[in-house]
Amino acid sequence: MVKSLAIRVEDNRILVADDDLMIRKMVVKVLEREGYGVDEAKDGAEAIEMCAATRYRVVLLDMMMPRVDGVKVLRWLEEHRPDLIDRVVVMTAFTRLAAETAERFCRVIYKPFDIDDLVSCVRERAETRAD
């Protein structure tokens, strides 16, 4: 279980949670070029720990990850960090799962995604009013 920590506010910080190293590094590079600070999580367990400690502007979240999958991360966010739910962008190749998740939680982009669409989606979520 995640320890209770003081939440660090990072106005321009994004979390990229994806177990695919090549996708994660590519997304990080693109977002850093756009001027964002980016943290990386290689699975859902790391994503939860990082979200417990930092108030991210946007969370990019893969659905299929080891240890803790994206659905469990979304459920954790809903319970413990509801302020981040409107700032989540789900990245997935699984259409049915993505559609169900999108209806309930957040914005979805499908892999393989267009870089311009990714950047546009991140900007849209980053402009979401903070609670």
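Counting from 1, the numbers follow the sequence of the chain as shown.
Between the side chain of Arg13 and the main chain of Val38, a donor-acceptor pair closer than 3.5 Å is present. No donor-acceptor distance shorter than 3.5 angstrom exists from the side chain of Glu124 to the backbone of Ser120, with no hydrogens or angles considered. Judged by distance alone, with hydrogens and angles left aside, the side-chain atoms of Arg125 form no donor-acceptor pair with the main-chain N or O of Val58 at under 3.5 Å. Without hydrogens or angle criteria, Arg81 side chain to Thr54 main chain gives a donor-acceptor distance under 3.5 Å. For Arg57 (side chain) and Asn12 (main-chain N/O), no donor-acceptor pair under 3.5 Å exists by modelled atom type.
Contact detail for Ala41 and Ala47: the closest heavy-atom pair is CB-N, 3.6 Å. Pairing each heavy atom of Leu74 with each of Ile85, the nearest pair is O-CD1, 3.8 Å.
For Pro112, the side chain to side chain contact (heavy atoms under 4.5 Å, CB included) criterion is met by no residue, not counting sequence neighbours. For Glu40, the side chain to side chain contact (heavy atoms under 4.5 Å, CB included) criterion is met by Arg24, Lys25, Val28, not counting sequence neighbours. With sequence neighbours left out, the side chain to side chain donor-acceptor pair (under 3.5 Å) criterion links Glu34 to Arg123. Every residue two or more places apart in sequence or in another chain that forms a side chain to side chain donor-acceptor pair (under 3.5 Å) with Asp43 is listed here: Arg67. Residues passing the salt bridge (Lys or Arg N to Asp or Glu O under 4.0 Å) test with Glu32, sequence neighbours excluded: none. Under the side chain to side chain contact (heavy atoms under 4.5 Å, CB included) criterion, Val30 pairs with Met26, Ile115, Val119, not counting sequence neighbours.
Remark: Met65 CE to Glu46 CD distance equals 9.5 Å, nearest 0.5 Å. Interatomic distance, Cys51 SG to Asp39 CG, rounded to the nearest 0.5 Å: 9.5 Å. Note that the CG atom of Leu15 and the CG atom of Leu61 stand 8.0 Å from one another [nearest 0.5 Å].
For the pair Arg55 and Asp83, the salt-bridge criterion is met [side-chain N within less than 4.0 Å of a carboxylate O].
Between Leu60 and Val122, the closest side-chain pair of non-hydrogen atoms falls below 4.5 Å. Side-chain contact between Val68 and Ile48: present, with at least one pair of heavy atoms (C-beta onward) separated by less than 4.5 Å. Side-chain contact check for Ile14 versus Tyr56: every heavy-atom pair is 4.5 Å or farther apart. In this structure, the side chains of Val71 and Met63 come closer than 4.5 Å at one or more pairs of heavy atoms. Between Leu31 and Val27, the closest side-chain pair of non-hydrogen atoms falls below 4.5 Å.
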Side chain to side chain contact (heavy atoms under 4.5 Å, CB included) between Asp19 and Asp62, worked out:
CA-CA 8 Å; Asp19 62 316; Asp62 184 24; 3.0 Å; yes
